[in-house]
Trainee: 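Shown below is the structure under consideration.
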Amino acid sequence: MQSESQIPIAAARKRRFAVSLALFYSAVFAVSGTHLPFFPVWLKAIGIDAAWIGLINALPAITRFTTLPQVTAFAEKRHAIRAAMMVSVLATAIGFTAVGLQQHPLALFLIYALTCMMWTPTMPLTDAYALRGVARYGLDYGPLRLWGSAAFAAGSLACGYLVDVIAARDLIWVIVAWAVVAVLASLLLQPLDDVRHRTTERHAGSALLRDIGFWAVIASAALIQGSHVAYYTFSAINWQLHGISGLTIAALWTLGVIAEIVVFALSPRFSLHPSTMIAIGGLSAVVRWIVTAHEPPLVLLAIVQLGHGLTFGMTILGTMSLLVRRVPQHQIARGQGYYAACNGLLGAATSIASGAIYARIGDGLYYVMAAMAGLGALVIWSARHRLTAHPHSEESGG
């Protein structure tokens, strides 16, 4: 039991952890908020065609199932998750700077590939760091994570304003600027106590991979999150073709993120089982993509964008909750790596295919995305009874 003198110290540590993590989440998601909607616009502005855009935008997903699991496992084995986060954002800032100095498709592809090898582990490492802090200090994940969503919206809005003010070929430097902010924010991250289970480290990965429930969680989440690929890659380009301004595009993205923030803020009050939350996310995505495929008027499109709180927010909350239940704390970075790898494998295939599909049928691509989301909802619903049990304990190590 803590003495009275220790309680203020513990409270101060908890507050420092929460504040520093919120700042880091904000900076990292500000990079994503400028990158996801407007990196394809920048590629198009410097003369890259649709096929190359699809290939280049597949690179983050490819690295998620190739190099990312090795990075997260290495960081966890060395008990250096925080250090790996700091190195990752520094390499990201350098990489995007190098990307901005290129215009040839092949050179862009190669440099961006190297950048993604260091950039894509940032979020799984951050979520692993966050979940360890949540367990250590008794915090809720959703309210911490919402600051990242808020920064995503701010970054998207700022970039949406700039796309109408500066040349589209200069948008890359906005991404670089936010990456530098992330480097500065990483310096404030607080160290956490190591979680060391030396006797189980050798078999940690294989134990997770033998857990059918774990596979059901990451497969369903990958299908539902992968169904957002068309939206992430081609929505800004397609909406521009329909005469929607850059600021309006950013506002549409922001509406979705606002809904996501509301879901995260209210998450401590949710009583639904996490598998039900994921199923709701998948079914909501089916409706969202079918409506989007019909080229709805701006008012209806704005309403549909609010569904992002369910299609993305509800899905990720359910996924993180189930990962905490299925994965021992000392293996959480490894579990996040496998989850990101599954997302990456499906996301890469979807991104590559989406370029060719979009070139042929345009908005019809969203029907394919709806089918993916529906399959994800079916997978998690089929496994819901298996997921009611907690298969691990800290003593067993998995």
Trainee: Check whether any side-chain heavy atom of Val31 sits under 4.5 Å from a side-chain heavy atom of Val89, and report yes or no.
Mentor: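 The answer is no; the side chains never approach within 4.5 Å.
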
Trainee: Start with the C-alpha distance between Phe96 and Trp173, add both sets of side-chain angles, then the distance that settles side chain to side chain contact (heavy atoms under 4.5 Å, CB included), and finish with yes or no.
Mentor: CA-CA 8 Å; Phe96 273 121; Trp173 304 117; over 6 Å; no

Trainee: Decide yes or no for Gln336 and Met320: does some side-chain heavy atom of the first lie under 4.5 Å from some side-chain heavy atom of the second?
Mentor: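 Yes; the side chains approach each other to less than 4.5 Å.
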
Trainee: Run the side chain to side chain contact (heavy atoms under 4.5 Å, CB included) check on Ser186 and Phe24 step by step: do they pass?
Mentor: CA-CA 6 Å; Ser186 72; Phe24 188 74; 3.6 Å; yes

Trainee: Could you please spell out the steps behind the side chain to side chain donor-acceptor pair (under 3.5 Å) verdict for Tyr232 and Asn57?
Mentor: CA-CA 10 Å; Tyr232 293 149; Asn57 275 280; over 6 Å; no

Trainee: Measure the shortest side-chain to side-chain distance between Met118 and Leu90 over non-hydrogen atoms and say whether it is less than 4.5 angstrom.
Mentor: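 Not in contact.
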
Trainee: Would you check if Leu266 and Val262 make a side-chain contact, meaning some heavy-atom pair closer than 4.5 Å?
Mentor: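 Yes - at least one pair of side-chain heavy atoms lies under 4.5 Å apart.
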
Trainee: Distance check, rounded to the nearest 0.5 Å: Ile278 atom CD1 versus Gln225 atom CD?
Mentor: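 Answer for the CD1-CD pair, Ile278 versus Gln225, is 9.0 Å.
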
Trainee: With a cut-off of 6.0 Å (strictly less than), are more than 12 heavy atoms of other residues, nucleotides or ligands near CH2 of Trp147?
Mentor: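 Counting neighbours around CH2 of Trp147, 12 or fewer heavy atoms of other residues, nucleotides or ligands fall under 6.0 Å, so no.
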
Trainee: Could you check whether any side-chain heavy atom of Arg288 comes within less than 4.5 Å of a side-chain heavy atom of His308, counting everything from C-beta outward?
Mentor: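 Counting from C-beta outward, Arg288 and His308 do come under 4.5 Å.
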
Trainee: Return the minimal non-hydrogen interatomic distance between Ser354 and Phe234, and the atom names on each side.
Mentor: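 Smallest interatomic distance, heavy atoms only, reads OG-CE1, 3.6 Å.
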
Trainee: Check whether Leu310 and Leu272 end up in the same hydrophobic cluster, where Ile, Leu, Val, Met, Phe, Trp and Tyr are linked by side-chain heavy atoms less than 4.5 Å apart.
Mentor: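 Looking at the clustering, Leu272 is in the same group as Leu310.
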
Trainee: Can you hop from Met117 to Ile62 via hydrophobic side chains spaced under 4.5 Å?
Mentor: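 No, no single cluster joins them.
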
Trainee: Do Val19 and Val183 land in one hydrophobic cluster if side-chain heavy atoms of ILVMFWY residues count as linked below 4.5 Å?
Mentor: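 Unlinked, Val19 and Val183 end up in two clusters.
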
Trainee: If you define the side chain from C-beta out and look only at heavy atoms, does anything of Leu255 sit under 4.5 Å from Ile303?
Mentor: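 The answer is no, as the side chains (C-beta and beyond) never meet within the 4.5 Å cut-off.
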
Trainee: What verdict does the side chain to side chain donor-acceptor pair (under 3.5 Å) test give for Gln190 and Tyr129, after you've listed the backbone C-alpha separation in whole Å, the side-chain angles of each residue and the deciding distance to 0.1 Å?
Mentor: CA-CA 10 Å; Gln190 302 297 302; Tyr129 173 84; over 6 Å; no

Trainee: Examine the side chains of Asp127 and Tyr25 and answer whether a donor and an acceptor come within less than 3.5 Å of each other.
Mentor: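 Yes, because at least one side-chain N or O of Asp127 sits under 3.5 Å from a partner of the opposite role on Tyr25.
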
Trainee: Hey, what do you get for OG (Ser20) to CZ (Arg82), rounding to the nearest 0.5 Å?
Mentor: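 Ser20 atom OG to Arg82 atom CZ measures 8.5 Å (nearest 0.5 Å).
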
Trainee: Should we say atom CH2 of Trp42 is surrounded by more than 12 heavy atoms from elsewhere, each under 6.0 Å from it?
Mentor: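 Counting other residues, nucleotides and ligands, CH2 of Trp42 exceeds 12 neighbours.
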
Trainee: Do Tyr366 and Glu295 pair up side chain to side chain, a donor and an acceptor below 3.5 Å, judged on atom types alone?
Mentor: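 Looking only at side-chain atoms, Glu295 and Tyr366 do not form any donor-acceptor pair under 3.5 Å.
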
Trainee: Hey, could you give me the CG/CG distance between Leu139 and Leu144, rounded to the nearest 0.5 Å?
Mentor: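 Taking CG in Leu139 and CG in Leu144, the distance rounds to 5.5 Å.
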
Trainee: How many angstroms lie between CG in Leu187 and CG in Leu23, if you round to the nearest 0.5 Å?
Mentor: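 Going from CG on Leu187 over to CG on Leu23, the span is 12.0 Å.
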
Trainee: Would a distance-only check, ignoring hydrogens and angles, find a side-chain to backbone donor-acceptor pair under 3.5 Å from His228 to Ile224?
Mentor: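 Side chain of His228 to backbone of Ile224: a pair is present.
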
Trainee: Indicate yes or no for a side-chain donor-acceptor contact from His273 to the backbone of Ser275 under 3.5 Å, with no hydrogens or angles considered.
Mentor: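 Flag set: sc His273 to bb Ser275 pair under 3.5 Å.
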
Trainee: Can any side-chain N or O of Ser267 pair as donor or acceptor with the backbone N or O of Phe264 at less than 3.5 Å?
Mentor: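 At least one qualifying donor-acceptor pair exists.
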
Trainee: Check whether any side-chain N or O of Thr120 sits under 3.5 Å from a backbone N or O of Cys116 as a donor-acceptor pair, and report yes or no.
Mentor: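 Yes, because the side chain of Thr120 sits within donor-acceptor range (under 3.5 Å) of the backbone of Cys116.
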
Trainee: Under the 3.5 angstrom rule, does the side chain of Glu260 hit a backbone N or O of Ser149 as a donor-acceptor pair?
Mentor: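 Not at all, since once roles are kept as given, no pair shorter than 3.5 Å links the two residues.
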
Trainee: Following the transitive rule for hydrophobic clusters with a side-chain heavy-atom cut-off under 4.5 Å over Ile, Leu, Val, Met, Phe, Trp and Tyr, establish whether Ile218 and Leu68 coincide in one cluster.
Mentor: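 Hydrophobic grouping puts Ile218 apart from Leu68.
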
Trainee: Taking all non-hydrogen atoms of both residues, which atom of Leu59 and which atom of Ala113 are closest, and how far apart?
Mentor: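 Looking at all heavy atoms of both residues, the closest pair is CD1-N, 3.8 Å.
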
Trainee: Indicate the atoms forming the closest heavy-atom contact of Ala182 with Ala27, along with that distance.
Mentor: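 Shortest heavy-atom separation between Ala182 and Ala27 comes out as CA-CB, 3.4 Å.
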
Trainee: Quick one: does Leu300's side chain get under 4.5 Å of Val291's, heavy atoms only?
Mentor: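 Answer yes - side chains close enough.
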
Trainee: Say whether Tyr367 and Met372 are linked into one hydrophobic cluster, either directly or through other cluster members, by side-chain heavy-atom distances under 4.5 angstrom.
Mentor: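 No.
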
Trainee: Specify the closest pair of heavy atoms between Gly142 and Leu317, including all atoms of both residues, with the distance to one decimal.
Mentor: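 Shortest heavy-atom contact: CA-CD2, 4.1 Å.
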
Trainee: To the nearest 0.5 Å, how far apart are CG in Leu55 and CG in Asp49?
Mentor: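 One finds 9.0 Å between CG of Leu55 and CG of Asp49.
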
Trainee: Can you tell me how far the CZ atom of Arg132 sits from the CZ atom of Phe17, to the nearest 0.5 Å?
Mentor: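 So the gap between those two atoms works out to 11.0 Å.
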
Trainee: Taking all heavy atoms of Ala230 and all of Met369, pick out the closest pair and write down the distance.
Mentor: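 Result for this residue pair: CB-CG, 3.6 Å.
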
Trainee: Checking the side chain of Gln305 only, and the main-chain atoms of Leu252 only, is there a donor and an acceptor separated by less than 3.5 Å?
Mentor: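 Pair found, side chain donor or acceptor close to backbone of Leu252.
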
Trainee: Between Trp119 and His35, is the ring centre distance below 6.0 Å?
Mentor: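 Yes - the distance between ring centres of Trp119 and His35 falls below the 6.0 Å cut-off.
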
Trainee: Do the side chain of Ser321 and the main chain of Gly318 share a donor and acceptor less than 3.5 angstrom apart?
Mentor: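 Judged by distance alone, no pair lies under 3.5 Å.
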
Trainee: If you measure only the distance, is there a donor-acceptor pair under 3.5 Å linking the side chains of Trp289 and Ser227?
Mentor: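 Yes, because at least one side-chain N or O of Trp289 sits under 3.5 Å from a partner of the opposite role on Ser227.
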
Trainee: Taking side chain as C-beta onward, heavy atoms only, is Gln240 less than 4.5 Å from Val41?
Mentor: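 Gln240 vs Val41: side chains touch.
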
Trainee: If you take all heavy atoms of Ile175 and Phe39, which pair is closest and at what distance?
Mentor: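 For Ile175 versus Phe39, the nearest heavy atoms are CD1-CD1, 4.2 Å.
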
Trainee: Check the pair Ile380 / Leu322 against side chain to side chain contact (heavy atoms under 4.5 Å, CB included), numbers first and verdict last.
Mentor: CA-CA 11 Å; Ile380 197 67; Leu322 284 174; 4.3 Å; yes

Trainee: If you measure only the distance, is there a donor-acceptor pair under 3.5 Å linking the side chains of Ser245 and Thr248?
Mentor: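 A donor-acceptor contact under 3.5 Å links the two side chains.
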
Trainee: For side chain to side chain contact (heavy atoms under 4.5 Å, CB included), just list the numbers for Leu108 and Leu43, CA-CA rounded to whole Å, side-chain angles, deciding distance to a tenth of an Å, and then say yes or no.
Mentor: CA-CA 9 Å; Leu108 272 171; Leu43 289 173; 4.1 Å; yes

Trainee: Using a distance-only test with no angle check, is there a side-chain donor-acceptor pair under 3.5 angstrom linking Thr311 and Ser284?
Mentor: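 Thr311 vs Ser284: no donor-acceptor pair found between side chains.
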
